[in-house]
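This structure is a prediction, so every number in the text was calculated from the model and none was measured. Note that the numbering runs from 1 along the sequence shown for the chain.
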Amino acid sequence: MASPTRRRLIQRTQANVASLPPPVGGWNARDALANMAPTDAVTLDNLFPGVSSVMLRGGYDKHATGMTGQVESLLTYSAGTTDKLFAVVDGSIFDVTSAGPVGAAVVTGLSNSRWEYTNVTTAGGSYLYAANGADKPLLYNGSSWTPIDGSSTPAITGVTVTKLIQPTLFKSRVWFIEKDTLKAWYLPTASVGGAAQALDLSSVAHLGGNLVAMAAWTIDAGYGVDDNLVFVTDQGEVLVYRGTDPSSASTWALIGIWVIGAPISRRCLLKYGGDLLVLTLDGLIPMASALQSSRLDPNVALSDKIQGAFAVAARTYKNNFGWGMLYHPLNNALMVNVPVSTGAQVQFVMNNITKAWCRFTGWYANCFALLNDEPYYGSDGYVAKAWTTGTGSAGYNDNSQAINTRALQAFNYFDTRGVIKYFTRGRVTTYSNGQPTIGVGIAVDFQTDDFLGALSFVATNYGLWDVGLWDQAIWGSNSIANNTVVGLSGIGYCGGIIFNSSSKNVSLEWASTDIVYQLGWAGI
């Protein structure tokens with residue numbers, strides 16, 4: 001016998017239809033479940049929110065293999081038309097520019113594999129400078145690596161070189177931070193060696209602590225472009241200098257000191273267009289906004305829309321190695337690597353155009369880098385090329401495995417708050433060049449559990465030219481529209497669309513959703 005609730009609903013047979021856009025507003029981990037925009041999502045995993053649709057993220061391929069241990073640093077060397085990529089793993093450096101098994105290590109015997117670097121060009125050539133705060137800094141000239149100390153060629157004198165971290169290029173000078181101090185060191189202009197001079201910030205950093213990061217910051221203050229050098233301490237203090245020669249008061253000046261959230265890791269700064277992003281416990285903050293009001297107005301954070309999830313991740317995993325950022329220009333995507341644990345990393349990913357967020361799973365990344373504008377990441381014994389979207393096996397798969405997505409669109413009252421609804425059918429419109437497995441459901445009244453469970457992908461065997469038979473073989477095509485119609489069963493005041501998929505070697509875009517429901521009575 002039907003329940004009283006179901007009997008009352010069945011008595012009202014008029015069907016209502018609502019058409020919803022996909023969750024292009026992205027992942028919302030800030031607002032109350034009852035107050036989200038219809039274009040937001042409670043969960044959005046492995047689906048990248050575009051301008052007009054939500055798209056399956058690209059896959060990854062194991063680009064360079066044959067290494068043992070966790071790849072903890074990727075170093076990109078760029079000199080004119082020459083670009084190279086190096087991986088640091090288990091105390092050794094490997095050339096991973098070319099795909100396939102790596103050859104012999106180009107550097108061995110390092111104390112750790114956590115290096116930062118910068119590229120610098122002088123009259124003597126183009127170089128990569130790297131430092132880790134335990135070994136001698138390494139200088140790569142395009143063909144060989146040289147440990148730098150007081151007697152090498154070139155040499156750095158006047159400082160304990162094994163304490164240097166964070167090599168940075170600013171106004172034709174190479175700068176370093178001395179680990180566990182408030183001192184920065186700089187070399188002569190247009191040089192990769194020489195007598196290092198100290199800039200001691202202990203007298204101006206009133207919160208104390210240590211310097212953890214620095215970067216050049218170029219801004220337009222309204223009367224021309226200004227170059228600044230930004231120092232960040234582990235206490236969240238930001239010191240900004242402007243000028244050319246720190247030894248001269250007439251050409252060097254402190255322009256301001258601000259306090260923001262404490263930074264997360266040494267890799268907490270990223271050049272981002274005309275701004276500088278800071279990865280902090282308060283969120284992902286643009287420097288221009290941070291130096292004005294970030295601690296008073298957290299809405300300036302780029303991570304504001306996912307602040308709930310970001311705050312939990314920062315609080316829980318702040319001491320884990322692997323935090324970092326990468327801007328991928330080809331897909332207008334900003335990625336924040338979140339090291340949940342070794343082998344279980346996730347990425348919080350933002351569309352640079354719409355500022356909508358999602359989450360990537362399945363990329364177990366310790367570090368990211370760009371090579372020829374393509375993203376790569378270091379993992380357990382290999383370097384992966386990420387966001388692969390080519391056709392066939394070269395594209396939408398995770399190292400030949402299916403990519404699984406999971407989404408829960410924002411709960412929707414369909415303009416009738418306080419009125420019970422009986423959800424009966426749904427139709428999801430997608431675009432694909434194949435036949436992905438798609439699951440659609442409805443969650444009611446803020447139930448965020450995924451009732452659909454895991455999906456499995458069954459590949460379709462397409463016809464081969466000169467082998468397949470016409471009218472029998474299935475032939476591939478360009479991306480076409482598909483309508484997935486499903487029966488729904490849910491009774492509640494509001495409903496949220498569940499969209500899951502599993503696919504391999506095929507593209508997928510979620511374009512719209514239609515929902516059929518009946519109205520019951522009003523009241524509580």
Side-chain angles (χ1 to χ4, degrees), residues 116 118 131 133 137 156-161 163-189 194-271 275-283 285-297 300-301:
E116 284 78 50
T118 191
I156 294 180
T157 60
V159 63
T160 303
V161 294
K163 293 184 178 181
L164 298 180
I165 59 173
Q166 288 281 318
T168 301
L169 183 65
F170 177 72
K171 291 291 184 73
S172 299
R173 294 180 187 270
V174 176
W175 286 73
F176 298 91
I177 288 172
E178 183 179 343
K179 184 181 177 182
D180 298 330
T181 74
L182 285 167
K183 286 184 180 180
W185 296 82
Y186 58 94
L187 301 181
T189 57
Q197 302 295 319
L199 178 66
D200 192 343
L201 304 179
S202 57
S203 62
V204 292
H206 65 277
L207 296 182
N210 306 306
L211 291 176
V212 295
M214 66 175 168
W217 178 32
T218 303
I219 60 173
D220 186 346
Y223 49 86
V225 174
D226 299 303
D227 289 328
N228 302 288
L229 186 57
V230 175
F231 297 95
V232 180
T233 75
D234 59 354
Q235 304 300 307
E237 198 165 8
V238 177
L239 304 97
V240 181
Y241 282 85
R242 182 178 300 162
T244 55
D245 184 359
S247 65
S248 171
S250 62
T251 61
W252 184 258
L254 175 68
I255 65 170
I257 302 174
W258 292 266
V259 177
I260 60 175
I264 305 176
S265 90
R266 288 189 206 157
R267 300 173 181 178
C268 62
L269 297 176
L270 176 72
K271 293 281 286 185
D275 211 338
L276 189 66
L277 299 184
V278 193
L279 188 61
T280 77
L281 295 178
D282 286 350
I285 311 292
M287 184 66 73
S289 302
L291 300 191
Q292 297 178 39
S293 61
S294 68
R295 304 224 79 178
L296 300 178
D297 181 11
V300 303

TODO: Taking E237 for its side chain and L207 for its backbone only, find out whether a donor-acceptor pair lies under 3.5 Å.
DONE: yes

Open item on the list: If I compare all heavy atoms of F170 with all of G243, which pair ends up nearest, and what's the gap?
Closed with: CE2-O, 3.6 Å

Task: Considering all heavy atoms, the nearest L254-V240 contact - done: CD1-O, 3.4 Å

TODO: Side-chain contact test, heavy atoms from C-beta onward, threshold under 4.5 Å: evaluate it for F176 versus I156 and give yes or no.
DONE: yes

Task: D234 CG to I264 CD1 distance, which is reported to the nearest 0.5 Å - done: 13.0 Å

Open item on the list: When you measure from the side chain of D275 to the backbone of A288, do you find a donor-acceptor pair of N or O atoms at a distance under 3.5 Å?
Closed with: yes

TODO: Kindly give the heavy-atom pair with the smallest separation between G194 and L187, and that separation in Å.
DONE: O-CD2, 4.2 Å

- [ ] Any chance you could measure N228, atom CG, to I255, atom CD1, to the nearest 0.5 Å?
- [x] 4.0 Å

- [ ] Using modelled atom types only, decide if a donor and an acceptor are shared between the side chain of R173 and the backbone of D245 within a distance under 3.5 Å.
- [x] no

Task: Expected output: side-chain T218 to main-chain A216 donor-acceptor under 3.5 Å - done: no

Task: Residue pair R266 / A213: nearest heavy atoms and the distance that separates them - done: O-CB, 3.7 Å

- [ ] Enter the distance from L239:CG to W258:CH2 here, rounded to the nearest 0.5 Å.
- [x] 9.0 Å

- [ ] Output, in order, the C-alpha distance, side-chain angles, deciding distance and verdict of side chain to side chain contact (heavy atoms under 4.5 Å, CB included) for H206 and I257.
- [x] CA-CA 9 Å; H206 65 277; I257 302 174; 4.2 Å; yes

Open item on the list: Checking side-chain polar atoms at under 3.5 Å, does D282 have a donor or acceptor matched by the opposite partner on T280?
Closed with: no

Open item on the list: With a sphere of 6.0 Å drawn around NZ of K171, does it hold more than 12 non-hydrogen atoms of other residues, nucleotides or ligands?
Closed with: yes

Open item on the list: I need the E116 CD to T168 OG1 distance, nearest 0.5 Å.
Closed with: 9.0 Å

Open item on the list: Does any part of the side chain of V238, heavy atoms only, come nearer than 4.5 Å to the side chain of M287, both counted from C-beta?
Closed with: yes

Task: Aromatic ring pairing Y241/W252, orientation class (parallel under 30°, perpendicular over 60°, tilted between) - done: parallel

TODO: Check P286 against A301 and note the closest heavy-atom contact, atom names and distance.
DONE: CD-CA, 4.4 Å

Open item on the list: Walk me through whether K271 and L276 qualify under side chain to side chain contact (heavy atoms under 4.5 Å, CB included).
Closed with: CA-CA 5 Å; K271 293 281 286 185; L276 189 66; 4.0 Å; yes

Task: Distance in Å, N210 CG paired with T233 OG1, rounded so as to fall on 0.5 Å steps - done: 8.5 Å

- [ ] Give the minimum heavy-atom separation between L182 and S202, together with the two atoms involved.
- [x] CD1-CA, 3.7 Å

TODO: Find out whether T160 and E178 are in side-chain contact, i.e. whether some heavy atom of one side chain is under 4.5 Å from a heavy atom of the other.
DONE: no

- [ ] Measure the spacing between CH2 of W175 and OG1 of T118 and express it to the nearest 0.5 Å.
- [x] 13.5 Å

